[in-house]
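Nothing here was measured: the structure is a model prediction, and the numbers come from that model. Note on naming: letters A, B, ... go to the chains in the order of the sequence lines (proteins, then strands), and numbering restarts at 1 for each one.
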2 protein chains.
Amino acid sequence: MKSPIYVKIVEDIRNKISSGELNPGDDLPSETTLCNEYDTSRMTVRKGLSILSNEGYIYSIPGKGYFVKKPDYNKYIFVYDEMNNLINNVDKIELLSVDIIFPDEELAGNLQISKNKKVIMIRRLFYTEEEPMAYDIKYLLYQRGVPIVENEIENATFPEMISNRTSLYDLNKELIIYAKVPEERTKKLLHIYDEIALFVVEQKLYDIEDRPIGLGITYFRGDYIKLHGVSK
Amino acid sequence: MKSPIYVKIVEDIRNKISSGELNPGDDLPSETTLCNEYDTSRMTVRKGLSILSNEGYIYSIPGKGYFVKKPDYNKYIFVYDEMNNLINNVDKIELLSVDIIFPDEELAGNLQISKNKKVIMIRRLFYTEEEPMAYDIKYLLYQRGVPIVENEIENATFPEMISNRTSLYDLNKELIIYAKVPEERTKKLLHIYDEIALFVVEQKLYDIEDRPIGLGITYFRGDYIKLHGVSK
DNA sequence: TAGTGGTCTAGACCACAAG
DNA sequence: TTGTGGTCTAGACCACTAT
C-alpha cells in the first residue's frame, strides 16, 4: 500500500509542473533542499529526479541545478510494419521478382553508393482477402557471401530481411510517407479501376554508423491502409 | 578522459547484446556478480542496468534477475504539427469560419458526447507561398466560460488551441493518417484542377483521463506534404 | 568560497523466486 | 534457506558555476 519515497517526489513535482505552479525554465529546489523537504537521502532524491528527467519533465545542468523543460507536444510514436496496419493485414504475398541491378542516379544517391555497385531489387505484391493491397519494392546493397534465401525474403518485413547481416538492435531506420496518384502500371498491379489515391511509405535502413543498407518503397492502395500514432 | 564505471558496464552489455553473444530471453549476471566483475558497488551496477533498461535492451523481474529484451524494431518517432512538414511550411492562414454546432452521429461518437452537447467547429485554410496547401477542421468541446479568442485560434496548432484549458504536459494525443481522393468541395478549396491525392491527418486530443477534448482533420494536398519519422 | 549536480561506496532491510 | 532485485542511508570526493 505504501509507495516508495522517490515516487512521492516524482508525483509532487510532476503535479506542480502540469498544474502550472512550475513553468518551463523555472528552477527546482536543489537536491539538498529536497533531501530536507522529504527527510530522505540524496540518492533517493536523485532517483526521483532521474525519473522526471527520463520522462522529459526536467533537465539538469551540473553546477547550476534542475530546470523545468518545455513539453514536447508534437511527438508521436508509430508502430509501422508493411504487413500490418489499422484496417488491413497482409495475408498473402506474391514474390514478383528478385534481381541484381545497377542503380540509377537517384537510387545510387539514396544508398550513397556509386553506380557500378550491385543492388538487389525485390518486388512483391501484398494481398488481403485475395485482393492486392500494396506493391512493394526493396533495394538492398549486394553483399558477396550473404545468400539470398528466397523463402525468407518472400515473407519478411524489411528489418527482418537484413537481420542476418546487421543486428536489429543496431539498425537505424527512417520513414517518409506521402500520398500520390497512382501511375498506370501501379493501377494495374493493384487492381485499381476507379480513382484511388496511393499511400506511399519509403523506408530507409542504416547501420549503426548511419551508412545506408537498403531502401524500401511500399505503395498501398489508399483504401486499404491507415497508420496510427500516439503521444507518450 | 576517463569515463564512469557505469558507462563501461552499459557499453559492455550493449555490445554483447548487439553482437549476438547475448540473445533475447537470456539472463544477465546478477547484480552481485557484476559488482565483483567490475569491482564496484551495487548502486553503480544498478545505475548501469537502469540505463540499459531505459534504452530497451533489458528488463528485470524481482526475485529472478535481468533478461535481454527483444528489440522493438517497428517503432518510429514522428514530429507532427499541421503547420510544418518535410517539404512545405504554412506561411499564411485563412480563418474560414468559427461556429457552434451540434454533432452528428459520427462526431458525437468520436468525442464521446451526446448529440445535444455543443461543439465548436473551426475551419481554416493553410497557404504556402500564396497557394492553398491544406484544409483544416477542428472540433472542440464547447466549454462555457472559456472564451474563443479568434486571434489565437487563427494561428494556433491543435495542442496550442486547448493549452488554456488543459496542460500541454497532460495532453494525450492520437494521429490517424491515410490517403484519399478529394471530393469536389475540397478540390475547389485547395485549387486542385488535376488529379491530386489528399493526405489526411486526423488528430484526436484527450485529457489525462483519456476523455476526448477535440478532433482535428487536416486535408493536405498530396504534393505539398511528406511526413518524416525515425527509429531511436 | 560556497553551492550545485555527477559519481561512488559499503553497508542495510525488504519482498519475492526457487530449490 | 539462499539468491534475486527494489528501496534506502549517510557519508565521500569531484568538477563545475556563481559570487
Point to revise | Close side-chain approach of B:Ser231 to B:Lys75, heavy-atom, < 4.5 Å | key: no
[X] with [Y]: basic N within carboxylate O range, under 4.0 Å:
X: B:Lys138; Y: B:Glu82; result: yes
X: B:Glu129; Y: B:Lys92; result: no
X: A:Asp12; Y: A:Lys16; result: no

Would you say the side chains of [X] and [Y] form a donor-acceptor pair under 3.5 Å?
X: B:Thr157; Y: B:Glu160; value: yes
X: A:Glu55; Y: B:Tyr169; value: no
X: B:Glu202; Y: B:Tyr178; value: yes
X: A:Ser30; Y: A:Thr33; value: yes
X: A:Asn172; Y: A:Asp210; value: yes
X: B:Lys204; Y: B:Asn110; value: yes

Donor-acceptor contacts, no H, no angles, side chain residues 121-128 of chain A, under 3.5 Å, sequence neighbours left out:
{"from": "A:Arg123", "atom 1": "NE", "to": "A:Tyr135", "atom 2": "OH", "distance (Å)": "2.8"}
{"from": "A:Arg123", "atom 1": "NH1", "to": "A:Ser97", "atom 2": "OG", "distance (Å)": "3.0"}
{"from": "A:Arg124", "atom 1": "NE", "to": "A:Asp136", "atom 2": "OD2", "distance (Å)": "3.3"}
{"from": "A:Arg124", "atom 1": "NH1", "to": "A:Ile153", "atom 2": "O", "distance (Å)": "3.0"}
{"from": "A:Arg124", "atom 1": "NH1", "to": "A:Glu154", "atom 2": "O", "distance (Å)": "3.0"}
{"from": "A:Arg124", "atom 1": "NH1", "to": "A:Ala156", "atom 2": "O", "distance (Å)": "2.8"}
{"from": "A:Arg124", "atom 1": "NH2", "to": "A:Asp136", "atom 2": "OD2", "distance (Å)": "3.2"}
{"from": "A:Arg124", "atom 1": "NH2", "to": "A:Ala156", "atom 2": "O", "distance (Å)": "3.1"}
{"from": "A:Tyr127", "atom 1": "OH", "to": "A:Glu94", "atom 2": "OE1", "distance (Å)": "2.7"}
{"from": "A:Thr128", "atom 1": "OG1", "to": "A:Asn89", "atom 2": "O", "distance (Å)": "3.0"}

Practice item. Specify the residues of residues 49-60 of chain A, ordered by number, for which at least one heavy atom lies under 4.0 angstrom from an atom of DNA chain C. Key: A:Ser60
**Study point:** Close residues, residues 27-37 of chain B, relative to DNA chain C [heavy-atom separation under 4.0 Å]
**Key:** none
Review point. Is there a side-chain hydrogen bond (donor to acceptor under 3.5 Å, both in side chains) between B:Tyr76 and A:Glu174 once you walk through the steps?
Key: CA-CA 8 Å; B:Tyr76 296 84; A:Glu174 191 184 20; over 6 Å; no
Exercise for review: Heavy atoms of chain B, cut-off under 4.0 Å: which first and last nucleotide of DNA chain C, 5' to 3', fall inside that, if you could look?
Suggested key: C:dT7 to C:dA18
Study note, to complete from the structure: CG of B:Leu171 to CZ of B:Phe158, rounded to nearest 0.5 Å, is 9.0 Å
Practice item. Enter the distance from A:Arg42:CZ to A:Leu49:CG here, rounded to the nearest 0.5 Å. Key: 10.0 Å
For nucleotides 16-19 of chain D, which of its nitrogen or oxygen atoms have a protein nitrogen or oxygen under 3.5 Å away, and what is each distance?
{"from": "D:dA18", "atom 1": "OP1", "to": "A:Lys64", "atom 2": "NZ", "distance (Å)": "3.1"}

Point to revise | Secondary-structure stems, DNA chain C, at least 3 Watson-Crick or G-U base pairs under 3.5 Å | key: C:1-16 with D:3-18
Practice item. May I ask you to check whether A:Phe78 and B:Phe78 place their ring centres under 6.0 Å from each other? Key: yes
